[in-house]
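Order of the sequence lines fixes the chain letters, A, B, ..., with proteins taken first and strands second; residue numbering starts at 1 for each chain. Given the structure is predicted, the values throughout are model-derived calculations rather than measurements.
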Protein chains: 2
Amino acid sequence: MSNKEYNINQEQLARFAKAMGHPTRIAILQFLAKQTTCYFGDINEELPIAKATVSQHLKELKNSGLIHGEVEPPKVRYCINREMWDMACTMFKDFFANIQHNDSCDCK
Amino acid sequence: MSNKEYNINQEQLARFAKAMGHPTRIAILQFLAKQTTCYFGDINEELPIAKATVSQHLKELKNSGLIHGEVEPPKVRYCINREMWDMACTMFKDFFANIQHNDSCDCK
DNA sequence: TTTGTTGTTCGCAAAATTACGAACAATATT
DNA sequence: AATATTGTTCGTAATTTTGCGAACAACAAA
């Protein structure tokens, strides 16, 4: 057993991926990335699920760092967190780029 | 409520992301992408978990389409599925690229 | 102060995920 | 035929995820 643990990069990439691992959350992120509007109510309107559930998904996205939210009474504004977005973008890009291009794998 | 459903792209991206949403599976994918070797035993050796669990993770990765496996008695060879890998790569790239670059979002 | 609007949190239920050891299956080897 | 090697599957347990309605909290307006 060479290493037996996961490194920070693997953990972080997995965290991002996990946050993106649900259609609702992809939809939310795409909606926010378009920035038609940022309010909870508008996000909720786009989705086929209860607002309590939307709120939970938003919480998870916040925990992943990909978005952040702030209260603007009486509403709540959610936005893409640019820094983390760019970081995730880079990490996924590097992840997918890091593949051997020879044919040493002789699977069909 | 505008749409009320998720489109194929959102579902597919979420499926890829979900498959990648665990450090073990990221580690497996990175290991296979490096292609030092493709056999179950070698993958298993790299990971700090029981082989039954490794087998399960490999099954999920197969279900996502990102890898495929074939029996080569007495071993089992696992490989990155190039087509799906490239597809995922493109989908993540497009996803992250599709963000507004003006400052219409006035979050701090 | 009462009412309305906007979201979050709580409590619960169902389903999925993660993990393990033991048992099993498939194939070589002796 | 008996044995060894390699992985998968089974059964189980603990935890997490997903989803909802109801209750609640915060604030604005009447």
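- The separation between B:I49 atom CD1 and D:dT15 atom C1' is 16 Å, rounded to whole Å.
- Here the side chains of A:K75 and A:F40 are not in contact, with every heavy-atom distance at 4.5 Å or above.
- Residue A:E60 is the one, among A:P73 and A:E60, whose nearest nucleotide of DNA chain D lies closer to the 5' end (criterion: closest heavy atom).
- The phosphate of D:dG19 has OP1 or OP2 within less than 4.0 Å of a side-chain N or O from A:H57.
- For C:dT8, the OP1/OP2 oxygens have a side-chain nitrogen or oxygen of A:S55 closer than 4.0 Å.
- The 5' end of DNA chain C is approached more closely, in terms of each residue's nearest nucleotide, by A:G41 than by the other of A:K18 and A:G41.
- At D:dT8, one or more side-chain N or O atoms of B:Y78 fall inside 4.0 Å of OP1 or OP2 (strictly under the cut-off).
- In terms of phosphate contacts, A:R25 brings a side-chain nitrogen or oxygen within less than 4.0 Å of OP1 or OP2 of D:dT18.
- Look at CG on A:N44: it is 12 Å from P on D:dG21, rounded to the nearest Å.
- Put simply, the residue from B:D86, B:N81, B:I80 that forms a side-chain contact (heavy atoms from CB on, under 4.5 Å) with B:M84 is B:N81.
- If you take CD1 of B:I26 and C1' of C:dT18, they are 16 Å apart, rounded to a whole angstrom.
- How far OH of B:Y78 is from CG of B:L61: 9.5 Å, rounded to the nearest 0.5 Å.
- As a whole-Å value, the separation of B:L58 CG from D:dT8 P is 7 Å.
- In this structure, B:L47 atom CG and D:dG7 atom P are separated by 13 Å, rounded to whole Å.
- Residue A:K75 is classed as a sugar-phosphate contact, given heavy-atom separations below 4.0 Å to backbone atoms only.
- Atom CZ in B:F40 sits roughly 15 Å away from atom C1' in C:dA26 (whole-Å rounding).
- Straight-line distance from the CD atom of B:E70 to the P atom of C:dT27: 15 Å, rounded to whole Å.
- Between the CD atom of A:Q35 and the CD1 atom of B:I99 there is a distance of 6.5 Å, given to the nearest 0.5 Å.
- At the phosphate of C:dA16, neither OP1 nor OP2 sits under 4.0 Å from any side-chain N or O atom of B:H22.
- With a 4.5 Å cut-off on side-chain heavy atoms, B:F92 and A:M20 count as touching.
- For A:I28 and D:dG19, the CD1 to P distance is 10 Å, given to the nearest whole Å.
- Residue contacts for B:A50: at a heavy-atom cut-off of 4.0 Å it reaches the sugar-phosphate backbone alone, with no base atom in range.
- For D:dT18, the OP1/OP2 oxygens have no side-chain nitrogen or oxygen of A:T53 closer than 4.0 Å.
- Residue A:Q56 is the one, among A:P74 and A:Q56, whose nearest nucleotide of DNA chain D lies closer to the 5' end (criterion: closest heavy atom).
- Within the structure, every side-chain polar atom (N or O) of A:Y39 is placed at least 4.0 Å from both OP1 and OP2 of C:dT5.
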